[in-house]
Amino acid sequence: MTTDHSMARLRLSLLGGFRIEEEQRGQVSLTGKRGPAIIAYLARCPGMAASREKLADLLWRNSDNDHSRNSLRQALSLLRRDFRQAGVDLIQARNDTIGLKADAIDIDVDDFEEGLIARSPQELEIALAVYNGPFLDGFYLDGNSFDDWALLRAREAADPCHRGV
């Protein structure tokens with residue numbers, strides 16, 4: 001059994017598209033588009049966690065409850081497999097909540113926002129260095145609720161007055 005401190009750390013880039021990398025091995029390939037959507041959404045949720053119901057509705061809004069919950073289980077299974085192959089333990093499930101392990105991931109949006117808040121020259125340089133383009137630029141899931149959420153987040157990121165920071 002691998003302990004948490006021996007697990008690899010990830011770098012998630014949401015600015016300029018979606019990209020996830022393991023610090024030693026480079027880019028982590030994720031199966032399909034729903035897995036990356038789950039990771040992106042959870043990365044921007046308070047506490048990096050959301051209910052299974054919310055995730056299922058966000059990604060499979062037009063499906064019945066049983067189908068959307070089953071689809072979510074399958075997507076999470078694929079994510080766990082992909083991360084296990086990369087030597088990363090990122091997904092955690094508690095009761096009816098799915099989340100990301102904060103100690104296993106760094107997120108470019110967090111670095112960008114922290115750099116803008118601090119306003120020191122060094123921190124602004126860090127913010128500019130991590131900015132690679134609009135939030136999830138070019139990442140779409142064919143008109144479901146996730147796309148609406150991503151568009152709203154992109155607009156908020158483009159307008160610092162509406163970010164709530």
Side-chain angles (χ1 to χ4, degrees), residues 1-60 69-118 122-123 125-139 141 145-146 149-150 152-154 156-157 163-165:
M1 183 171 176
T2 309
T3 58
D4 284 343
H5 58 65
S6 67
M7 294 303 287
R9 189 159 181 85
L10 292 172
R11 176 75 183 161
L12 176 61
S13 299
L14 300 173
L15 298 172
F18 181 94
R19 184 175 175 94
I20 192 162
E21 298 176 305
E22 191 272 322
E23 60 189 354
Q24 301 296 320
R25 298 180 191 155
Q27 186 167 352
V28 175
S29 294
L30 299 180
T31 304
K33 288 189 109 178
R34 298 282 199 263
I38 291 168
I39 299 302
Y41 182 77
L42 292 175
R44 302 313 305 148
C45 284
M48 289 197 287
S51 70
R52 289 177 188 267
E53 182 180 338
K54 176 65 179 168
L55 287 169
D57 187 52
L58 184 75
L59 297 168
W60 293 278
R69 295 280 293 219
N70 187 49
S71 296
L72 177 61
R73 276 191 296 279
Q74 290 175 3
L76 290 170
S77 178
L78 289 173
L79 273 175
R80 286 186 178 108
R81 184 203 64 198
D82 292 343
F83 287 128
R84 198 171 32 253
Q85 289 175 350
V88 179
D89 185 19
L90 180 65
I91 306 292
Q92 62 184 8
R94 293 191 181 134
N95 299 324
D96 203 37
T97 303
I98 303 298
L100 303 180
K101 294 181 179 179
D103 61 349
I105 193 164
D106 295 312
I107 305 165
D108 65 346
V109 177
D110 293 342
D111 295 340
F112 179 72
E113 290 177 346
E114 288 171 19
L116 292 179
I117 291 169
Q122 294 83 7
E123 290 163 321
E125 281 183 39
I126 291 170
L128 292 174
V130 300
Y131 186 82
N132 290 315
F135 183 77
L136 289 177
D137 192 31
F139 187 90
L141 290 181
S145 296
F146 176 84
W149 170 83
L152 180 61
R153 294 288 114 20
E156 289 173 353
R163 273 204 322 260
V165 289

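Remember, predicted model here, so these are calculated numbers, not experimental data.
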Report task. Determine the minimum heavy-atom distance between Val88 and Glu22, stating which atoms define it. Result -> CG2-CG, 3.9 Å

Query raised in the report: Which value, rounded to the nearest 0.5 Å, describes the distance between Ser13 atom OG and Leu15 atom CG?
Result: 7.5 Å

Query raised in the report: Looking only at heavy atoms, which two atoms of Leu90 and Ala104 are closest? And how far apart?
Result: CD1-CB, 4.1 Å

Requested in this report: Evaluate the side-chain proximity of Ile91 to Ile98: yes if any heavy-atom separation is below 4.5 Å, no if none is.
Outcome: yes

Report summary line: Heavy atoms of Pro36 and Thr31 approach each other most closely as CD-O, 4.4 Å

Requested in this report: Verify, without hydrogens or angle tests, whether Arg11 (side chain) and Glu21 (backbone) share a donor-acceptor contact under 3.5 angstrom.
Outcome: no

Query raised in the report: Is there side-chain contact between Glu125 and Leu128, with at least one heavy-atom pair below 4.5 Å?
Result: no

Report summary line: Distance col, row Arg9:CZ vs Asp103:CG, nearest 0.5 angstrom, shows 6.5 Å

Report task. Could you check Leu58 against Tyr41 for side-chain contact (heavy atoms from CB on, under 4.5 Å), going step by step and ending with a plain yes or no? Result -> CA-CA 9 Å; Leu58 184 75; Tyr41 182 77; 3.4 Å; yes

Query - Closest non-hydrogen atom pair, Leu55 against Ala50 - result: CG-CB, 4.3 Å

Report summary line: Of all heavy-atom pairs linking Gly115 and Ala127, the shortest is CA-CB, 3.9 Å

Report task. Starting from the C-alpha separation in whole Å, work towards a yes-or-no answer on side-chain contact (heavy atoms from CB on, under 4.5 Å) for Leu12 and Val109. Result -> CA-CA 9 Å; Leu12 176 61; Val109 177; over 6 Å; no

Requested in this report: Could you please spell out the steps behind the side-chain contact (heavy atoms from CB on, under 4.5 Å) verdict for Leu10 and Asp106?
Outcome: CA-CA 6 Å; Leu10 292 172; Asp106 295 312; over 6 Å; no

**Report entry** Heavy-atom side-chain contact between Leu78 and Arg34 under 4.5 Å
**Finding:** no

Query raised in the report: Between Leu30, Leu14, Asp82, Ile107, which is the residue that forms a side chain to side chain contact (heavy atoms under 4.5 Å, CB included) with Ile20?
Result: Leu30

Requested in this report: Please list all pairs passing the salt bridge (Lys or Arg N to Asp or Glu O under 4.0 Å) test where one or both residues lie in residues 37-46, with sequence neighbours left out.
Outcome: Arg44-Asp110, Arg44-Glu113

Requested in this report: Under the side-chain contact (heavy atoms from CB on, under 4.5 Å) rule, what do Asn70 and Arg73 come out as? Steps first, then yes or no, please.
Outcome: CA-CA 5 Å; Asn70 187 49; Arg73 276 191 296 279; 3.7 Å; yes

Query raised in the report: Are Thr97 and Arg52 close enough that some pair of their side-chain heavy atoms sits under 4.5 Å apart?
Result: no

Query raised in the report: When rounded to the nearest 0.5 angstrom, what distance separates CZ in Arg69 from CG in Asp57?
Result: 11.5 Å

Query raised in the report: Would you call the rings of Phe139 and Phe146 parallel, tilted or perpendicular, where under 30° means parallel and over 60° means perpendicular?
Result: perpendicular

Requested in this report: Verify the neighbour count for atom CD of Glu53: are there more than 12 heavy atoms of other residues, nucleotides or ligands below 6.0 Å?
Outcome: no

Query raised in the report: Looking at OH of Tyr131 and CG of Asp111, how far apart are the two atoms once the value is rounded to the nearest 0.5 Å?
Result: 15.0 Å

Report summary line: Minimal heavy-atom distance between Ala43 and Met48, with the atoms involved, is O-CG, 4.0 Å

Query raised in the report: Does a side-chain N-to-carboxylate-O contact under 4.0 Å join Lys54 and Asp96?
Result: no

Requested in this report: May I ask you to test the Phe83-Ile39 pair for a side-chain heavy-atom distance under 4.5 Å?
Outcome: yes

Requested in this report: Taking the six-membered ring for Trp and the full ring for Phe, Tyr or His, determine whether the centres of Phe135 and Trp149 are under 6.0 Å apart.
Outcome: yes

